[in-house]
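Note that ligands are numbered from 1 as they come in the structure, with each ligand's atoms numbered from 1 the same way.
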Amino acid sequence: MNSPILQKARAYEAQHGPEIPAGQRPVYHLTPWVGWMNDPNGFCFYQGQYHLFYQYYPYKTVWGPMHWGHAVSRDLLHWEYLPAALAPDAPFDQDGCFSGSAAELPDGRQLLLYTSVCKQEQPDGEMREVQTQSVAVGDGLDYEKPFAAPVLDAKDLPEGWSRFDFRDPKIWQEPDGSYSAVIVGQGRAEGGAALLFRSADGFHWEYVTILDASRGEYGVMWECPDFFELDGKQVLMAGPMEMHARDEYHNGHCVIALIGSYDPVNHRFVRENVQLMDEGIDFYATQTLQAPDGRRIMTAWMQAWAGISDKPHGAKWFGQTICPRELHIRDGRIIQTPVRELDAAHGERVFHSNVPISGETSLEGIGGRVADLTLTVTPEAGCRTFTVKLAADAGHCTTLTYEPRTRRLTLDRSQAGFHQDIVHIRSCTVRGESETLSLRILLDRNSVEVFINGGEQTMTACIYTPQEADGITFAADGKALLTAEQYQLSF
Ligand code: FRU
């Protein structure tokens, strides 16, 4: 039986979701049916299709008591909305159904494992949100909460671990049919940490070990963990909060991958390498799945918490997910490429080979706000900068500027049409020594995703620029040779 709180959300979204004109949404990036979206949740392949749930507040374009929105897709790009899956309607989750994940039960039902949030009065009289983990079970459409209490709470944690920072379970099934989950917690000495839990049936859980922890190095707390094997390595992914800027890491929230090895018998993860997952502005709360063909595919919230004050005026939705990315390991680092399903959307192709660029130039047929554009740039000796302007008209643009001498690539959306003084500029140092730079740029009305040198690095940002600003131009301070290949995308 659906609770009145869930029924109300379902009625609201069914009425107001269809009122949003298709032209006011991105084409192949998932947005909430109506209202607010943050983290992707429960990303999985279940009964023949991909499911993607999301942190959801249908009633306004601001964060509120968390529901789970729900959508399904056969190709990770065309999404169909389903009714909201979870609402904060149980005594143990009345203040929010926070992030979590999905797995299949032996009887074919779908299991959702999520963080249940409930405000409780503390000994000093303060009301604080206590975080526990709970389950819901369903058929891919309707879910019920089978227990009267959470399946994991602070009593299951080691001595001294916080009950206010214990969240975002990511579940997976082991080859023997049992289940494991990685959940973030906060220890006195460890700070943010990824904890491993196990369960024979998905319902009864026990603590196993600490997989890894920040220990002051990677933020104060972690969020949205994931733990999976990739090309012979083991990856622990998490979102550190409040990092200090150093090396490639910027201040605030980000996503890191800790890459190493794992001994599943002794549950020992040994970290070998740490990598920042995206060097742009809007990228957080990653979650991966393994596709039926074995690919490891990642989604994420294409938004920064620090930037949520800036929304397009009057829009009835806020928050998007990235274009899902395939992950691989090369030379000990994660490589990201857009899912190959995107190739099926390739329409008209425009190709310009080895065009000398000096002043600002546009190229016949290159432009638009929904496109898959690959640029190969070879700066000539003495070239100081090469610049691509995207989503440009007389009053707007988002630029990518490359400085060959320092290998710095800068994404700048400060003239993209935002109203607030939030982060608009980020730079990264392009890895390697190649003189040629390759940039694959995905445009989808309200976003730019840049895959550098085959996905060795990425930079992602939202742009709420008027759609009429659809110019793309190139310029060099000095000389560069440019090869440009653009596909229009049709869905
Ligand atoms: C990450 C996060 C999660 C939490 C959810 C709440 O963006 O803070 O840790 O479960 O959002 O909406």
Under 3.5 Å between any N/O of W301 and any N/O of ligand 1: does that happen in this structure? no
Partner residues of D201 under the side-chain contact (heavy atoms from CB on, under 4.5 Å) criterion, sequence neighbours left out: S199, F203, H204
Enumerate the atoms of ligand 1 whose separation from the nearest heavy atom of [X] is less than 4.0 angstrom.
{"X": "M66", "value": "12 (O)"}
{"X": "F98", "value": "4 (C), 6 (C), 10 (O)"}
{"X": "S99", "value": "5 (C), 10 (O)"}

Other residues, nucleotides and ligands only: do more than 12 of their heavy atoms fall within 6.0 Å of NZ on K311? yes
List the steps, then state whether side-chain contact (heavy atoms from CB on, under 4.5 Å) holds for T458 with R325. CA-CA 11 Å; T458 62; R325 301 177 184 174; 3.3 Å; yes
Identify which of Q131, Q303, E223, H253 has a heavy atom lying nearest to atom 8 (O) of ligand 1. E223
For atom 3 (C) of ligand 1, which of D168, N38, D165 has the closest heavy atom? D168
Provide the full list of ring pair (Phe, Tyr, Trp, His ring centres under 6.0 Å) pairs with a residue in residues 75-110, sequence neighbours left out, each pair given once. W33-Y81, W63-F98, H78-F491
Of R431, R330, R333, R440, which meets salt bridge (charged side-chain N to carboxylate O under 4.0 Å, His left out) against E456? R330
Ligand 1 contact on Y284 by region, counting heavy-atom pairs under 4.0 Å: side chain
Taking heavy atoms and a distance under 4.0 Å, where does T115 meet ligand 1: side chain, backbone, both or neither? neither
Which protein non-hydrogen atom lies closest to atom 12 (O) of ligand 1, naming both residue and atom, and how far is it? Q55 OE1, 2.7 Å
How close does the nearest protein non-hydrogen atom get to atom 1 (C) of ligand 1, and which residue and atom is it? D39 OD2, 3.0 Å
Can we say R268 and D263 salt-bridge, meaning some charged N sits less than 4.0 Å from an Asp/Glu carboxylate O? no
Of N38, T61, T31, which is the lone residue that meets side chain to side chain contact (heavy atoms under 4.5 Å, CB included) with F318? T61
